Amino acid sequence: MSRIAYLQEKKMSEIRLRFPPSPTGYLHIGGARTAIYNWLFAKKHNATLILRIEDTDIERSTKDSIEGIIDGLNWLGITWDEGPYYQSDHISEHVESAHKLVETGHAYKCFCTKEDLDAKRQAAVSAKITYQYDRTCLNLSAEEISSKEEQKIPYTIRFKVPGGEGSLVFEDKVYGRIERTYRDIEDFVILRSNGTPLYLLSNVVDDIRDRISHIIRGQDGLGNTPRQILIYEALGAPVPVFAHMSLTLDPKKAKISKRSHGEVVTVQFYKENGFLPWALINFLVLLGWSPANDQEIFTKEELIQAFSLEGMNKANSIFNYQKDHPKFFTDPKALSINGHYLQTMPVEELAFLVKDFLQKAELWDDAYVNDKKEWFLSTIDLIRSRFHVLTDFAGPGRAYFSDDYEMDPKPVKKNLTKHEKIGEWLGMLADRYESLPEFNKEDAERVTRELADELDIKPGILINGTRTVVTGQAAGAGLFDVLMAIGRERVIARLEKFSREGLS
RNA sequence: GUCCCCAUCGUCUAGCCAGGUCCAGGACACCGGCCUUUCACGCCGGCGACACGAGUUCAAAUCUCGUUGGGGACGCCA
């Protein structure tokens, strides 16, 4: 094989994918999922992933969105090999292709006005007849065309769909064989009367130029595919492999969008609410894909290894979040997966992430990386077992880092208000802690139980009361571990303050 | 209205292509028990689904057809 032939073959067999967001809003989880699948496929096959910003909708595209999307991708750790390219840089190519298609007889100029077309469509709709462009302009004679051109009548360019009984068939990697009769495809517009190209065309022309070999996209693109394949063929370009993925719906089975669902569906939201990027990826990848076994938690390497289009589910999946749910601010499974990573990752790594959230809450102390590093690490390690998101460290975990923390009303009622003399008892407990020669777990527990015994009450009353006063929370790690983490002085101060002032 | 796609526990799903090993497995959620000092920790257990109807077959979650339900596409949006 000659070197050139070899290179050509290599070029042809090269696997290239793209993620083509349109910058009309921040990256949302549906878009992220698409990016993730493309990225995993690329990584698995040692392929090239391209980021292409499809910014030709000038009305809705914004610079903020572009930054937001890139930020989101970066945060998730999704990397690309080429780009970002911008679709708007290639508009002249798209226009050229449209004219080329006219020259080669695959498309034609259509002088019908928008008003005429709208009227025809309206009529069809009210008569309950299927509307399709009636090909008025396909049958124009050469004279009629040049006459209209001379009169400067604006025209669009429509793709000429093959006539007859035939149909277009392609093999989707996920959905299998898809067939669509030519008759069901109307002659679609590829160039507007103002001379600008439409998405269907631009997208194909860009994919041809970028030598995209595999297109992994949402199932909503399935309807476009036959028309796009027609364009590939008319342009004489090789048709890429298509793999359409199921969509992510809300609990009411509506497509998710930022407009109707708000922040919960944006990647940014998860970043701000204490998710670990990998946990989000892990959750998202499971929405519509599964390995051949029961594995649900993956390292990056494992996921890349396990990923395959075969595991894609054809049915749409539901992103199960309930608005205003008292307990779950997003899909419970997402929270559970995040909790898993948060609870099992190396503490040093976690501490680094927690720092950010403590800083935002103004709870950070530089000593946590110096003198108090050991304390900080062991405290994080102690309290993380109940936490699911990083923001928990500054929320329910606030009492470990500040004297100014909220009291959860539920345990207050259950553990404090219920017992008339609790203030007095906890004051006595503070004295016992005070007089301990050394404040350690064993002795603290011993004197607590002794006091309960003397007062003839259950130790649980003292223990729960103390937890509530000292942490403001109903739940936590073993109390005596908690006391050690908070430290004698603070424990005593908090107990005494409560004993003196009650709940202020 | 036309076309395309889909259909297993509340949710994510395994099993379906190559029918029996499935009175359907796992995870999350929920409920109960244990442990315990509490808990959103841990452990153990429970609840809970093949949309419906025909057909093929000795045998169907798995194959076929129909019904119903859901989703998507039908723009001079991307």
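Order of the sequence lines fixes the chain letters, A, B, ..., with proteins taken first and strands second; residue numbering starts at 1 for each chain. Values in this document were obtained by computation on a predicted structure and should not be read as measured data.
For the pair A:L168 CG and B:C4 P, the computed distance is 13 Å after rounding to whole Å. A straight line from OH of A:Y341 to C1' of B:A27 spans 13 Å, rounded to a whole angstrom. At whole-Å resolution of the value, CG in A:D250 and C1' in B:G71 are 12 Å apart. Put simply, CE on A:M245 is 19 Å from P on B:C5, counting in whole angstrom units. Summarising the geometry, the separation between CG on A:L247 and P on B:A7 is reported as 14 Å, rounded to the nearest angstrom. We find that NZ of A:K173 is positioned 18 Å from P of B:C5, with the value rounded to whole Å. To the nearest angstrom, P of B:A27 lies 22 Å from CG of A:L284. Atom-to-atom, CZ of A:R121 to C1' of B:C76 comes out at 10 Å; the value is rounded to the nearest Å.
Base pairing annotation: B:A14 forms no Watson-Crick or G-U wobble pair, as no partner gives both donor-acceptor distances under 3.5 Å. Across all strands shown, nothing is found opposite B:C39 as a Watson-Crick or G-U wobble partner with both distances under 3.5 Å. Nucleotide B:A54 forms a Watson-Crick or G-U wobble pair with B:U64, both donor-acceptor distances falling under 3.5 Å. Across all strands shown, B:A73 is found opposite B:U2 as a Watson-Crick or G-U wobble partner, with both distances under 3.5 Å. Checking B:A59 for Watson-Crick or G-U wobble geometry (two distances, each under 3.5 Å) identifies no partner in any strand.
Residue-level contact check: A:K114 touches the bases, meaning some heavy atom is under 4.0 Å from a base atom. Base engagement by A:N224 is indicated by at least one non-hydrogen atom pair under 4.0 Å involving a base atom. Residue-level contact check: A:E296 touches the bases, meaning some heavy atom is under 4.0 Å from a base atom. Across all strands, A:S336 comes closer than 4.0 Å only to sugar-phosphate atoms, never to a base (heavy-atom distances). Residue A:A315 is classed as a sugar-phosphate contact, given heavy-atom separations below 4.0 Å to backbone atoms only. Using a 4.0 Å heavy-atom criterion, one finds that A:L462 contacts no nucleic acid atom at all. Counting non-hydrogen atoms under 4.0 angstrom, A:E59 reaches nothing in the nucleic acid.
For the pair A:K333 and A:E296, the salt-bridge criterion is met [side-chain N within less than 4.0 Å of a carboxylate O]. The pair A:K255-A:D220 meets the salt-bridge criterion, since a charged nitrogen lies less than 4.0 angstrom from a carboxylate oxygen. Using a cutoff of 4.0 Å between basic side-chain nitrogens and carboxylate oxygens, A:E149 and A:K109 are scored as salt-bridged.
Taking atom C1' on both nucleotides, B:C50 is separated from B:G45 by 25 Å, rounded to a whole Å. Rounded to the nearest Å, the gap between the C1' atom of B:U62 and that of B:G55 is 15 Å. The separation of B:A18 from B:A60, taken at their C1' atoms, amounts to 15 Å, rounded to a whole angstrom. Separation of the C1' atoms belonging to B:U68 and B:A54 is 14 Å when rounded to the nearest angstrom. Here the separation of B:C22 from B:C9, taken at their C1' atoms, is 15 Å to the nearest Å. If you take atom C1' in B:C17 and the same atom in B:G26, they sit 22 Å apart, rounded to whole Å. With C1' as the reference atom, B:G46 and B:U38 are 24 Å apart, rounded to whole Å. When the P atom is used for both B:C47 and B:U56, the distance is 36 Å, rounded to whole Å.
The base of B:C4 has none of its N or O atoms less than 3.5 Å from a complementary donor or acceptor on the side chain of A:R180. Counting distance only, with no hydrogens placed and no angle test, the side-chain atoms of A:S193 and the base atoms of B:C76 include a donor-acceptor pair under 3.5 Å.
The number of heavy atoms from other shown groups lying within 6.0 Å of CD (A:Q295) is above 12.
Atoms CZ and NZ, on A:R449 and A:K458 in that order, are 12.5 Å from each other to the nearest 0.5 Å. Taken to the nearest 0.5 Å, the NZ atom of A:K173 stands 10.5 Å off from the CD1 atom of A:I216.
Among the nucleotides B:C30, B:G71, B:A14, the one closest to the side chain of A:K327 is B:C30. Nearest to the side-chain atoms of A:R227 among the listed nucleotides B:A73, B:U2, B:C76 stands B:A73.
Annotation: of the two residues near RNA chain B, A:N415 and A:S246, the 5′-most nearest-nucleotide partner is A:S246. Looking at which nucleotide of RNA chain B each of A:P396 and A:P332 is closest to, the 5′-most match is held by A:P332.
With a 6.0 Å cutoff to the six-membered ring centre and a 45° limit on the axis angle, A:R158 counts as a cation-pi contact of A:Y133.
The phosphate of B:A78 has neither OP1 nor OP2 within less than 4.0 Å of any side-chain N or O from A:T24. Contact annotation: A:K333 side-chain N/O to B:U11 OP1/OP2 distance is not under 4.0 Å. For the pair A:R467 and B:C39, the criterion of a side-chain N or O lying under 4.0 Å from OP1 or OP2 is not met. Taking 4.0 angstrom as the limit, A:R192 places a side-chain polar atom (N or O) nearer than this to OP1 or OP2 of B:C77.
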> Given A:D206 and A:Q87, is the side chain to side chain donor-acceptor pair (under 3.5 Å) satisfied, shown in steps?
Replying inline: CA-CA 7 Å; A:D206 286 344; A:Q87 187 163 63; 2.9 Å; yes
